[in-house]
Amino acid sequence: MTVRTRFAPSPTGFLHIGGARTALYNWLFARRHGGRFLLRVEDTDAERSTDESIRVILDGLRWLGLDWDEGPGVGGPHGPYFQSERKEIYDRHLAKLESAGLVYEDEGAVRFRVPDRTLTVSDAICGEVSTNLKESGSRRYDAELKQEVEANPDFVIRRPNGGYIFHFVNVVDDIEMAITHVIRGEDHLSNTPKHLALFEALGATPPRFAHIPLNLNPSGTKMSKRDQGALIHEYQEGGFLPSGVANYMALLGWSAKDDREIFDIAELVERFDLAGVNHSNSKFDYGKCLWVNGEHLKRLSASDLASQAGPFLERAGIDPADPRLPEALGLARERVQTLAEIPGVIGTIFAEAATYDESSVAKVKERADLPQAIAALSDHFAAVDVWTADGIKAAVQSAAEGLGLKMGALMLPCRVATMGSTSGADLVPVMALLGKEAVLKRLQEFAARLG
RNA sequence: GACCCGUUCGUCUAAGGGUUAGGACACCGCCCUUUCACGGCGGUAAUACGGGUUCGAAUCCCGUACGGGUCGCCA
């Protein structure tokens, strides 16, 4: 049997981290087992389903590298892949239920007769979970009354206006699309008996279910789009790598059962399995997500780093063709966790002049001998013949000796004078890239600032 | 409220009857670096609670507490 999984988002205008992780698990599972991954858009709620809101979701999936074998844009033998275009299919299945006497009309809506017996979900993660829909559905909690009220256990599958309800279309589509494995959030576990009843009524064998634990925000409540790290496009804009984000998402609820945590996409495909999925919800940790991304950044090849960083460099006004760029990127990668941080670390190399950070300047200004130190550095740099890291170091060394100081005592003032800040990339290579003239000019400007 | 799922350092997790309860992020300290970082080494820190079963329980069972989910003519 070929494994067929699917991701079935409703277009809300955002690709949420929870949805993206569900998509990832389905994708990994399909890829791991040489199966197919389908994408189906659940746009039965017409108002929210704009082209734009659909595009955001597809773009997010593409950015993460979660390509689909069947679905919007690629087609496939089980289309259409938008629920809004599948009305005839739903009508056909409804007719089957009608002729079997399993549905009835109620104030214009169509209700499905639930069976009065125990249905057992055999979940790959949660184990066996049994429910009797007739019993459990005959009472309903009224949030306003704050108490249970009588209810009709037969749930609605079609609205009076002809629109079909999620449970029904979801099941019909999974049958029609020959889905073998449904990996979805645990919030659907309680809905699954309804789906089981529908599969049975439609004469279909249900797929294998795997309900994965939910991702919560750091306060332990449901992630909302306001929470940091909640939306996939923010990662893209924030300079994360798709593989880093996928790696971190995989880790929220799954582990390889050894101490390894950093995996590229191919390694995730190789190692992912449902047995490694946890049973309990996890809280999102933005700091760890940053760390994982930083590890991916460190492992990137020089050319990949250059192409990935491109948009962020251009935005900062750095010419991607500058010959100093490859070396500068090498300096940057060791100390950033996102691509977006790169310009801040090496931007000064490509700038006309240093931008002085006030608190950094204030820090070195505390030294009484600062003007002399800068002057000494200027003199010794001016005398350097071969402007290389070694030559620069030697110059700093001799400048320090002349002042009766250790070399380290001059490094920080030199850093602030040439780079504008106490932080940033490694000073000596930066000066080498900057060139002798530029360094001397910056020292002069800094001295002038001091007055 | 009923039903369902869950509970190991602050966070993500490993250990599925016998471990000094392991790793990672974060935090702290030391070393390295004559700068900023990286890195290396070390430290603080957990089995929710109460009962069982067992020679022995984080691990199996029951209860309690807490957290999450579901209970729509939303998906």
Side-chain angles (χ1 to χ4, degrees), chain A residues 8-12 42-45 48 83 106-111 121 123 125-127 129-132 135-143 145-149 151 153 155-161 163-167 169-170 185-194 211 213-214 216 218 220-222 248 251-262 276 278-292 294-295 298 331-336 345 360 393 396-397 400 405-416 419 421-428 430:
Chain A
S10 61
T12 53
E42 305 217 325
D43 57 348
T44 50
D45 186 12
R48 291 190 300 182
Q83 286 185 337
D106 176 24
E107 294 180 359
V110 175
R111 286 186 184 269
V121 185
D123 191 273
I125 293 163
C126 304
V129 181
S130 300
T131 316
N132 181 315
E135 274 174 22
S136 62
S138 62
R139 294 172 307 277
R140 195 188 91 231
Y141 185 66
D142 188 305
L145 266 51
K146 289 192 171 178
Q147 64 177 0
E148 294 200 342
V149 296
F155 55 93
V156 171
I157 61 173
R158 198 182 69 176
R159 304 182 188 97
N161 69 7
Y164 287 97
I165 297 296
F166 161 74
H167 303 296
V169 294
N170 195 266
E186 207 189 84
D187 48 343
H188 285 298
L189 185 58
S190 300
N191 288 148
T192 308
K194 289 181 183 172
H211 287 91
L214 272 19
L216 308 175
T221 57
K222 213 169 158 185
Y248 180 66
L251 254 24
L252 276 181
W254 169 84
S255 86
K257 302 293 177 196
D258 56 20
D259 288 336
R260 209 170 141 198
E261 295 193 300
I262 302 300
N278 286 330
H279 294 200
S280 52
N281 294 347
S282 52
K283 291 179 188 164
F284 183 83
D285 182 346
Y286 194 73
K288 182 133 188 186
C289 183
L290 275 171
W291 175 77
V292 169
E295 293 300 304
K298 281 176 194 157
L331 295 176
R333 80 186 315 159
E334 289 298 321
R335 58 193 68 212
V336 299
V345 172
S360 296
K393 255 186 206 166
V396 177
Q397 176 75 54
L405 294 170
K406 286 184 178 176
M407 183 176 170
L410 278 189
M411 290 299 274
L412 201 63
C414 184
R415 168 180 280 277
V416 174
M419 296 177 66
S421 168
T422 52
S423 67
D426 201 10
L427 177 59
V428 173
V430 166

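The chains referred to below are lettered A, B, ... by the order of the sequence lines, with proteins before strands, and numbering in each begins at 1.
Rounded to an integer number of Å, the gap from CZ of A:Arg139 to P of B:G72 is 12 Å. One can place CD of A:Glu186 at 16 Å from P of B:G67, the figure rounded to the nearest angstrom. What separates OH of A:Tyr141 from P of B:G72 is a distance of 13 Å, to the nearest Å. Rounding to whole angstrom units, NE2 of residue A:His279 and P of B:A15 are separated by 11 Å. When rounded to the nearest whole Å, the span between NZ of A:Lys194 and C1' of B:G72 equals 8 Å. Between the CZ atom of A:Phe155 and the P atom of B:A75 there is a distance of 13 Å, given to the nearest Å. In this structure, the OH atom of A:Tyr286 is 23 Å from the P atom of B:A24, given to the nearest Å. Atom NZ in A:Lys257 sits roughly 9 Å away from atom P in B:U13 (whole-Å rounding).
B:C30 and B:G40 make up a base pair, with Watson-Crick or G-U wobble contacts both under 3.5 Å. Across all strands shown, B:C71 is found opposite B:G1 as a Watson-Crick or G-U wobble partner, with both distances under 3.5 Å. Across all strands shown, B:A24 pairs with B:U11; the Watson-Crick or G-U wobble distances both stay below 3.5 Å. Look at B:C49: its Watson-Crick or wobble partner, with both distances under 3.5 angstrom, is B:G63.
Annotation: A:Tyr248 is not in aromatic contact with A:Tyr286 [ring centroid separation under 6.0 Å not met].
The residue A:Lys146 sits apart from the nucleic acid: no heavy atom pair falls under 4.0 Å. At a threshold of 4.0 angstrom between heavy atoms, the contacts of A:Asn191 include nucleobase atoms, whether or not backbone atoms are also involved. Looking at heavy-atom distances under 4.0 Å, A:His188 makes contact with a base. No engagement by A:Gly137 is indicated, since no non-hydrogen atom pair under 4.0 Å with the nucleic acid exists. Note on A:Asn278: only backbone sugar-phosphate atoms sit closer than 4.0 angstrom, heavy atoms only; bases stay farther off. Contact annotation for A:Ser136: no contact, since no heavy-atom pair falls under 4.0 Å across all strands.
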Evaluation steps, salt bridge (Lys or Arg N to Asp or Glu O under 4.0 Å), between A:Arg140 and A:Asp142 = CA-CA 6 Å; A:Arg140 195 188 91 231; A:Asp142 188 305; 3.7 Å; yes

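Of the listed nucleotides (B:C73, B:G68, B:G23), B:G23 has the atom at the smallest distance from the side chain of A:Glu261. Out of B:A2, B:C74, B:U13, the shortest distance to the side chain of A:Ser255 is found at B:U13. Among B:G69, B:C12, B:C73, the nucleotide with an atom closest to any side-chain atom of A:Ile165 is B:C73. Comparing atom distances between the A:Glu148 side chain and each of B:G69, B:C74, B:A2 picks out B:A2 as nearest.
Checking the phosphate oxygens (OP1, OP2) of B:C12, no side-chain nitrogen or oxygen of A:Lys288 falls inside 4.0 Å. Side-chain nitrogen and oxygen atoms of A:Arg140 include at least one within less than 4.0 Å of the OP1 or OP2 phosphate oxygen of B:G72. Between A:Arg159 and B:A75 there is a side-chain polar atom (N or O) within less than 4.0 angstrom of OP1 or OP2. For B:A75, one of the phosphate oxygens OP1 or OP2 lies less than 4.0 angstrom from a side-chain nitrogen or oxygen of A:Thr44.
Where A:Ala8 and A:Thr131 meet RNA chain B, the nucleotide closest to each residue was compared, and A:Thr131 sits on the side nearer the 5' end. Comparing A:Asp187 and A:Asp259 along RNA chain B, the residue whose closest nucleotide (by nearest heavy atom) sits nearer the 5' end is A:Asp259.
B:C4 and B:C62: their P atoms are spaced 13 Å apart (whole Å). Here the separation of B:A21 from B:A46, taken at their C1' atoms, is 9 Å to the nearest Å. Rounded to whole Å, the separation between the P atoms of B:C49 and B:C66 comes to 15 Å. Between the P atoms of B:U54 and B:U59, the separation comes to 16 Å (whole Å). Using P as the reference atom, B:A24 and B:U44 are 14 Å apart when rounded to the nearest Å. If you take atom C1' in B:U13 and the same atom in B:A58, they sit 14 Å apart, rounded to whole Å. Look at the P atom in both B:U64 and B:C3: the space between them is 11 Å, to the nearest Å. For B:U20 and B:A26, the P atoms lie 30 Å apart once the distance is rounded to whole Å.
Side-chain N or O atoms of A:Ser360 include one that pairs as donor or acceptor with a backbone N or O of A:Thr422 at under 3.5 Å. When atom types are taken as modelled, the side chain of A:Asn278 and the backbone of A:Ser280 share no donor-acceptor pair closer than 3.5 angstrom. Although no hydrogens or angles enter the test, the distance criterion places a donor-acceptor pair under 3.5 Å between the side chain of A:Asp43 and the main chain of A:Gln83. With hydrogens and angles ignored, the 3.5 Å screen pairs no side-chain donor or acceptor of A:Arg139 with any backbone N or O of A:Tyr141.
Syn is the classification of B:C38, since its glycosidic angle stays within 90° of 0.
Around NZ of A:Lys406, the count of heavy atoms belonging to other residues, nucleotides or ligands within 6.0 Å does not exceed 12.
A:Leu189 CG to A:Thr131 OG1: the interatomic distance, rounded to the nearest 0.5 Å, is 8.0 Å. In this structure, NE2 in A:His188 is found 4.5 Å from CZ in A:Phe166, a value given to the nearest 0.5 Å.
Per the stacking criterion (ring centres < 5.5 Å, plane angle < 30°), A:Trp291 does not stack onto the base of B:A24.
The two residues A:Cys126 and A:His211 have their closest heavy-atom pair at SG-O, 3.9 Å.
Tested against A:Val110, the residues A:Ile165, A:Ile157, A:Val156 include a single side-chain contact (heavy atoms from CB on, under 4.5 Å) partner, A:Ile157.
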ask   = What string of B, S and - do you get for nucleotides 32-38 of chain B, 5' to 3', when a contact is any protein heavy atom under 4.0 Å?
value = --BBBBS

